Novice: 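Below you will find the structure I want to go over with you.
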Protein chains: 2
Amino acid sequence: MQGVKISELTLRRLPKYRQYLIKLRKEGVEYTSASEISRVLDVHHTQVRKDLQATGVRGIPKVGHRVEDLIKGIEEFLNWNNTSDAFLVGVGHIGRALLNYEGFGRVGIKIVAAFDINPEITGTTILETPVFDLSKLIDLGNRLHTRVGILTTSPSAAQDVAVKMVEAGIIAIWNFTPVKLELSENIIVENVNIYPSLAVLSHRVAEYLKK
Amino acid sequence: MQGVKISELTLRRLPKYRQYLIKLRKEGVEYTSASEISRVLDVHHTQVRKDLQATGVRGIPKVGHRVEDLIKGIEEFLNWNNTSDAFLVGVGHIGRALLNYEGFGRVGIKIVAAFDINPEITGTTILETPVFDLSKLIDLGNRLHTRVGILTTSPSAAQDVAVKMVEAGIIAIWNFTPVKLELSENIIVENVNIYPSLAVLSHRVAEYLKK
DNA sequence: TAGATTGTTAATCGATTAACAATC
DNA sequence: TAGATTGTTAATCGATTAACAATC
């Protein structure tokens, strides 16, 4: 893996393998093979091998991979075994959905504080996470050295809040708003958007209806 | 466009162009060019041209494209100008977030009914959308000829509900659960998942911290 | 041993980018 | 006219798939 650039497409496929492997583990299966993963998930077997190799795991010819090692290998590669503290800004419906999601611990994310401007929400707690007024963001960020920001505000507030996040010391923003953030080059921005997926769905439905 | 296969990557980029064009329209801009879109959105200008051509719109050399025509062209191509009635099953946090989203009308989706099994929720209305008991799904689907299903249940219920959706006459499922649905080949399934995006984010953060 | 698997190298395929002619 | 743009064809690049040697 040293020096070899990991393609984003490979990174995006890894969680899918992990999910299937976790299902196998739950069923008590100890070993599996790239060929089997390939069959079940409809991914070409050579691609499964290449993707897994990117994470640095090694299999045993004729035997396959230990499920446990494979899960660990993927999680270590994605750094999901280390917890990153995160701030969430914007306690609307999406923000609330994320705050109530209990699975983040297993993927290396811990939301340590949420922020909003609505006085009816600030001061409350959502599933152990305290909600502060937005004005506390910069101070708290600098004190806690939080590096990840989850942006779930309204589109109109997104850019301003993103700038504040950066001032608070955040280096990576998981952006759930449809806004293209304009920030310094070295800030990591990862956008989550439902429209690309809807475009594919709509187009396929339209084709289906045409026939 | 006839006979030319549209790549999924092109489909997924179209909403991005549309969003920028809508911003231009709001600002009163009448004309734009592939070159300008390219600059602003950081997409290669040839790629913008190819993507737009896939939708069938034609520009005017030296002038560019009428913003209004471009928006219309993209929306017609994606069939977002026609409304598809949709059912939503699973009124948890994500389901609620989607039910409260007011922008679906503009992208061809109308959620006409929601379903859940929790008696505290069934019988209520969320932003005009009535919530029924899940047992009503098949009957209502057959009466209303609803074709799109939005799946926002718990993972454990996902497969069963998906099967019920198909029995109710649904041909396309927008799947917000992490479950790989096993359905007949001709059912359109489009998965929305935050993990691929988180994998990219985590990996980049890990690389950043290493330096 | 034969079969099943890994892992690597080569070939193919498709998407992106470059080059350029056409034009209002 | 010169410049800016569209739209097309060719070249490049990168991702996927095929072929195959190595091995427990």
Side-chain angles (χ1 to χ4, degrees), chain A residues 1-14 16-17 20-21 24 29-74 77 196 199-200 203, chain B residues 1-14 16-17 20-21 24 29-74 77 196 199-200 203:
Chain A
M1 316 101 270
Q2 302 82 350
V4 178
K5 218 215 151 202
I6 304 297
S7 110
E8 184 172 318
L9 293 168
T10 293
L11 283 172
R12 296 181 68 93
R13 275 188 298 263
L14 291 174
K16 191 165 153 179
Y17 304 147
Y20 172 62
L21 292 163
L24 285 185
V29 178
E30 271 200 79
Y31 285 86
T32 188
S33 67
S35 331
E36 199 203 339
I37 296 174
S38 160
R39 267 193 303 280
V40 177
L41 300 182
D42 266 323
V43 180
H44 196 279
H45 69 102
T46 311
Q47 186 156 78
V48 176
R49 287 206 182 93
K50 287 219 158 168
D51 287 342
L52 293 182
Q53 264 159 47
T55 70
V57 299
R58 303 284 303 185
I60 308 154
K62 214 176 146 182
V63 176
H65 294 262
R66 250 173 62 85
V67 171
E68 193 55 43
D69 295 349
L70 224 37
I71 294 173
K72 209 161 250 160
I74 292 173
F77 182 72
V200 176
H203 188 261
Chain B
M1 317 99 268
Q2 302 83 349
V4 179
K5 220 218 150 200
I6 303 298
S7 111
E8 185 174 316
L9 293 167
T10 293
L11 283 172
R12 295 181 69 94
R13 275 189 298 264
L14 291 175
K16 190 164 152 179
Y17 304 147
Y20 172 61
L21 292 163
L24 285 185
V29 178
E30 271 200 77
Y31 285 86
T32 188
S33 68
S35 331
E36 199 203 340
I37 296 174
S38 161
R39 268 193 303 280
V40 177
L41 300 183
D42 267 322
V43 180
H44 196 280
H45 69 102
T46 312
Q47 186 156 78
V48 176
R49 286 206 183 91
K50 287 220 158 167
D51 288 341
L52 293 182
Q53 265 158 47
T55 70
V57 299
R58 304 283 301 185
I60 307 154
K62 212 176 147 180
V63 175
H65 293 262
R66 250 172 62 85
V67 171
E68 193 56 43
D69 294 350
L70 223 38
I71 294 173
K72 209 161 250 162
I74 292 173
F77 182 72
V200 176
H203 188 260

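The model shown is predicted, which means the values in this text are computed figures rather than measured ones. Quick note on labels: first sequence line is chain A, next is B, and so on, each numbered from 1.
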Novice: Please determine whether a side-chain nitrogen or oxygen atom of A/Gln53 lies at a distance below 4.0 Å from atom OP1 or OP2 of C/dT8.
Specialist: yes
Novice: Grab the CG-P distance between A/Leu70 and C/dT5 for me, whole Å please.
Specialist: 15 Å
Novice: Among D/dT8, C/dG7, D/dT6, which nucleotide sits nearest the side chain of B/Arg49?
Specialist: D/dT6
Novice: Tell me, do B/Leu41 and B/Tyr17 make a side-chain contact under 4.5 Å, heavy atoms counted?
Specialist: yes
Novice: Hey, are the side chains of B/Ser33 and B/Arg49 touching, using non-hydrogen atoms and a 4.5 Å cut-off?
Specialist: no
Novice: Strictly by Watson-Crick or wobble contacts shorter than 3.5 Å, is anything paired with D/dA22, and which nucleotide is it?
Specialist: C/dT5
Novice: Would you indicate whether the side-chain heavy atoms of A/Ile37 and A/Val43 approach each other to under 4.5 Å?
Specialist: no
Novice: Taking the side chain as every heavy atom from C-beta outward, state whether A/Arg66 and A/Glu30 have any atom pair closer than 4.5 Å.
Specialist: yes
Novice: Where the side chain of B/Ile60 is concerned, which of C/dT5, D/dT6, C/dC24 is the nearest nucleotide?
Specialist: C/dC24
Novice: Choosing from C/dG7, D/dT8, D/dT6, which nucleotide comes nearest the side chain of A/His65?
Specialist: C/dG7
Novice: Would you mind reading off the distance between B/Leu52 atom CG and D/dT8 atom P, rounded to a whole angstrom?
Specialist: 13 Å
Novice: At under 4.0 Å, does any side-chain N or O of A/Arg58 touch on OP1 or OP2 of C/dG7?
Specialist: yes
Novice: Using atom names, set out every protein N or O paired with an N or O of nucleotides 14-18 of chain C below 3.5 Å, distance rounded to 0.1 Å.
Specialist:
from, atom 1, to, atom 2, distance (Å)
C/dT16, OP1, B/Arg13, NH1, 2.9
C/dT16, OP2, B/Arg13, NH2, 3.1
C/dT16, OP2, B/Gln47, NE2, 2.9
C/dT16, O5', B/Gln47, NE2, 2.8
C/dA18, OP2, B/His44, NE2, 2.8

Novice: So which nucleotide does D/dT12 pair with, by the Watson-Crick or G-U wobble rule with both distances under 3.5 Å?
Specialist: C/dA15
Novice: Take A/Pro61 and B/Arg39, find for each the nucleotide of DNA chain D with the closest heavy atom, and name the residue whose nucleotide sits nearer the 5' end.
Specialist: B/Arg39
Novice: Please tell me if the side chains of B/Leu9 and B/Arg13 come closer than 4.5 Å, counting only heavy atoms from C-beta onward.
Specialist: yes
Novice: Please check if the distance between the ring centroids of A/Phe77 and B/His203 is under 6.0 Å.
Specialist: yes
